[in-house]
Amino acid sequence: MKWKNQITDLEAYKPGKTIDEVKKRFGLDSIVKLASNENPFGYSPKVDALLEQFDGSYTLYPDGYATYLREEVAAFLNVDEKQLIFTNGTDELIQIISRALLEEGKNTVMATPTFSQYRHNAVVDGAEVREIPLNNGDHDLEAMLAAIDEHTAVVWVCSPNNPTGTYIPKEPLEAFLNKVPKDVLVVLDEAYAEYVVASDYYDSTALIRQYSNLIVTRTFSKIYGLASFRVGYGIANEAIIQALEPVRPPFNTNVLGQFVAKEAIKDQAFIKECREKNREGLKQFYAFCEKNGLHYYPSQTNFILIDFQCDSDEVFEYVMSRGYIIRSGKALGFPTSVRITVGTHDQNIGVIAAMEDFLQNKARS
Ligand SMILES: *Cc1c(COP(=O)(O)O)cnc(C)c1O
């Protein structure tokens, strides 16, 4: 077979352990998954009622233009409907952007560690990947600027960043955007934007009006609690959206995903409540870290990266034996840290107790 050279060594994405796998292995009946930053409070209760009333067709193709969802999101963001692109999760939007702009002879600039899919897609598309180490958890925007040359097609900025949870304040982001050449697309991944409470965070829809080379990505998978429906979207000026649209598969978002996302975005009271509960949850983890002298990054997301100063797989395995699936930092570029999704109050108490016991066992041995 004539596979592309660059994919021969490429590993497939390794998802977190499934609940059933862990149940079987440890003979536990209840498992809490705090590994993929889903919303522990689920989704708007209005969605369930709506699904019961769904009277669309499963036989016909979905509306490829996602018309009703588009109307709702455009009204919510106060942008034109033509400034939006809807995708099968943000993952697919990353793929579409990469496919539209990256190829051999071009390069792309991103932080490291950051969300793995920027690099992954760039490699598949044959572009050179320029990874700029985070500076104390933050994007090193100066170094990223310095890495841009005439062959750079895309710059990825993840704010708040996965897996550190850190964000870029408005001023440094604008200073950065002012200096990026206008023919380089900047992708601002805002998968966790709805969780942010920092007062110096930017309004990304305002930035889109200011910068013609910016696309913002959002998702219904995180705070909206609808990860399994696979709905993400991009916001940019019309020219960028028009250029990307031909690369989008024709029926990429499904009929139920469009239907529930449209309803979910209307229930901002639910989103606000989740944001507030998440801040309370983060405090539980901060207290645990401070009590035990563990380094963490203050988070603007629904997860926290904690450094245990030992092989992260050890922490991961122990906590899993206690019924909590978290994410080992090994595959995330932080081999001595774990990333934990903030759960409900009680889930947090449970996972923190397991981590306390891990530390005590370790101190004794
Ligand atoms: C979860 C996540 C995504 C992917 O979200 P989907 O819409 O479910 O594909 C994108 N970017 C970041 C930073 C994420 O953490």
Side-chain angles (χ1 to χ4, degrees), residues 39 41-57 61-90 92-93 96-97 159-160 170 186-197 201-245 248 250-276:
N39 186 344
F41 306 106
Y43 46 82
S44 165
K46 294 189 177 137
V47 166
D48 273 328
L50 196 80
L51 279 173
E52 279 166 30
Q53 294 160 23
F54 178 75
D55 64 353
S57 167
Y61 282 105
D63 170 11
Y65 195 63
T67 308
Y68 296 124
L69 173 59
R70 180 179 299 271
E71 284 171 7
E72 202 62 51
V73 174
F76 174 68
L77 296 172
N78 196 17
V79 298
D80 194 278
E81 288 170 24
K82 293 188 186 123
Q83 289 182 273
L84 299 170
I85 181 169
F86 289 90
T87 54
N88 197 260
T90 304
E92 190 192 43
L93 182 52
I96 289 171
I97 291 167
S159 175
K170 182 172 192 256
V186 178
V187 184
L188 177 57
D189 184 339
E190 279 200 312
Y192 301 96
E194 299 87 353
Y195 279 110
V196 174
V197 298
Y201 196 65
Y202 41 81
D203 168 2
S204 54
T205 52
L207 292 180
I208 277 158
R209 276 176 234 120
Q210 246 172 294
Y211 300 97
S212 61
N213 57 335
L214 178 66
I215 183 165
V216 170
T217 73
R218 298 264 184 97
T219 181
F220 283 94
S221 301
K222 302 291 160 59
I223 205 167
Y224 285 95
L226 299 170
S228 76
F229 286 100
R230 312 302 304 129
V231 185
Y233 60 98
I235 321 159
N237 67 49
E238 214 183 306
I240 291 175
I241 300 297
Q242 263 183 21
L244 292 174
E245 272 290 320
R248 180 178 66 78
F251 304 107
N252 60 332
T253 55
N254 68 77
V255 64
L256 288 178
Q258 292 179 22
F259 189 63
V260 295
K262 172 181 76 90
E263 205 57 30
I265 204 165
K266 286 193 224 166
D267 191 355
Q268 288 301 313
F270 174 77
I271 299 304
K272 180 166 179 277
E273 190 186 318
C274 291
R275 175 167 53 242
E276 285 165 6

Inset, instruction - Would you mind reporting whether Y61 and P250 have side-chain heavy atoms less than 4.5 Å apart? - result: no

Inset, instruction - Indicate yes or no: at least one non-hydrogen side-chain atom of N39 is less than 4.5 angstrom from one of Y224. - result: no

Inset, instruction - Kindly write out the residues that satisfy side chain to side chain contact (heavy atoms under 4.5 Å, CB included) with F259, not counting sequence neighbours, or none if the list is empty. - result: L50, F54

Inset, instruction - Could you tell me which residues satisfy side chain to side chain contact (heavy atoms under 4.5 Å, CB included) with S228, sequence neighbours excluded, listed by chain and number? - result: none

Legend entry - Derivation of the side chain to side chain contact (heavy atoms under 4.5 Å, CB included) call for E245 and I85: CA-CA 7 Å; E245 272 290 320; I85 181 169; 3.3 Å; yes

Inset, instruction - Would you name the heavy atoms of L214 and A236 that are closest together and state the gap between them? - result: O-CB, 3.5 Å

Legend entry - Backbone of I223 reached by a side-chain donor or acceptor of R275 within 3.5 Å: no

Legend entry - Reported CG-to-CG distance for the pair D63 and L69, which is rounded to 0.5 angstrom: 9.5 Å

Legend entry - Student check: side-chain heavy atoms of I235 and L77 closer than 4.5 Å: yes

Legend entry - Shortest non-hydrogen contact between P160 and A193, atoms and distance: CD-N, 4.3 Å

Inset, instruction - Nearest 0.5 Å please: distance from the CD1 atom of I241 over to the CG atom of L84. - result: 6.5 Å

Inset, instruction - Could you tell me which residues satisfy side chain to side chain donor-acceptor pair (under 3.5 Å) with S212, sequence neighbours excluded, listed by chain and number? - result: none

Legend entry - Side-chain touch L244/I97, heavy atoms, less than 4.5 angstrom: yes

Inset, instruction - Give every residue pair that meets the ring-ring contact (aromatic ring centres under 6.0 Å, His included) criterion with at least one member in residues 63-88, sequence neighbours excluded. - result: F86-Y233

Inset, instruction - Can you sort out the partners of D267 under side chain to side chain donor-acceptor pair (under 3.5 Å), two or more places apart, ordered by chain and number? - result: S44

Legend entry - Listed partners of A75 passing side chain to side chain contact (heavy atoms under 4.5 Å, CB included), at least two apart: none

Inset, instruction - Scan for side-chain hydrogen bond (donor to acceptor under 3.5 Å, both in side chains) pairs involving residues 70-86, sequence neighbours excluded, and state none if there are none. - result: none

Inset, instruction - Check side chain to side chain donor-acceptor pair (under 3.5 Å) between D189 and all other residues, then give those that pass, not counting sequence neighbours. - result: Y118, T217

Legend entry - Any donor-acceptor pair under 3.5 Å from N254 side chain to F229 backbone: yes

Legend entry - With T90 via side chain to side chain donor-acceptor pair (under 3.5 Å) - residues at least two apart: none

Inset, instruction - Any pair with a residue in residues 211-229 that passes salt bridge (Lys or Arg N to Asp or Glu O under 4.0 Å), sequence neighbours left out, goes on the list, sorted by first then second residue, please. - result: E190-R218

Legend entry - Student check: side-chain heavy atoms of Y43 and D48 closer than 4.5 Å: yes

Inset, instruction - Identify, with sequence neighbours excluded, every residue that meets side chain to side chain contact (heavy atoms under 4.5 Å, CB included) alongside E92. - result: T87, N88, Q95, I96, P249, N252

Legend entry - Qualifying salt bridge (Lys or Arg N to Asp or Glu O under 4.0 Å) pairs with a residue from residues 230-243, counting only residues at least two apart or across chains: D91-R230

Inset, instruction - Nearest 0.5 Å please: distance from the CD1 atom of I208 over to the CG atom of N213. - result: 11.0 Å

Inset, instruction - Please assess K272 against Q268 for the test side chain to side chain contact (heavy atoms under 4.5 Å, CB included), listing each intermediate value before the final yes or no. - result: CA-CA 6 Å; K272 180 166 179 277; Q268 288 301 313; over 6 Å; no

Inset, instruction - Please name the pair of heavy atoms, one in P45 and one in F270, separated by the smallest distance, quoted to 0.1 Å. - result: CD-CD1, 4.0 Å

Inset, instruction - Grab the two heavy atoms, one from A261 and one from F220, that are nearest each other, plus how far apart they are. - result: O-CE2, 3.6 Å

Legend entry - Minimum side-chain heavy-atom gap T253-P62 below 4.5 Å: no

Legend entry - Close side-chain approach of L188 to S159, heavy-atom, < 4.5 Å: yes

Inset, instruction - Looking only at non-hydrogen atoms, find the nearest pair between C274 and F41 and report the distance. - result: SG-CB, 4.1 Å

Legend entry - Approximate separation, where rounding is to 0.5 Å, of N237 CG and Y211 OH: 14.0 Å

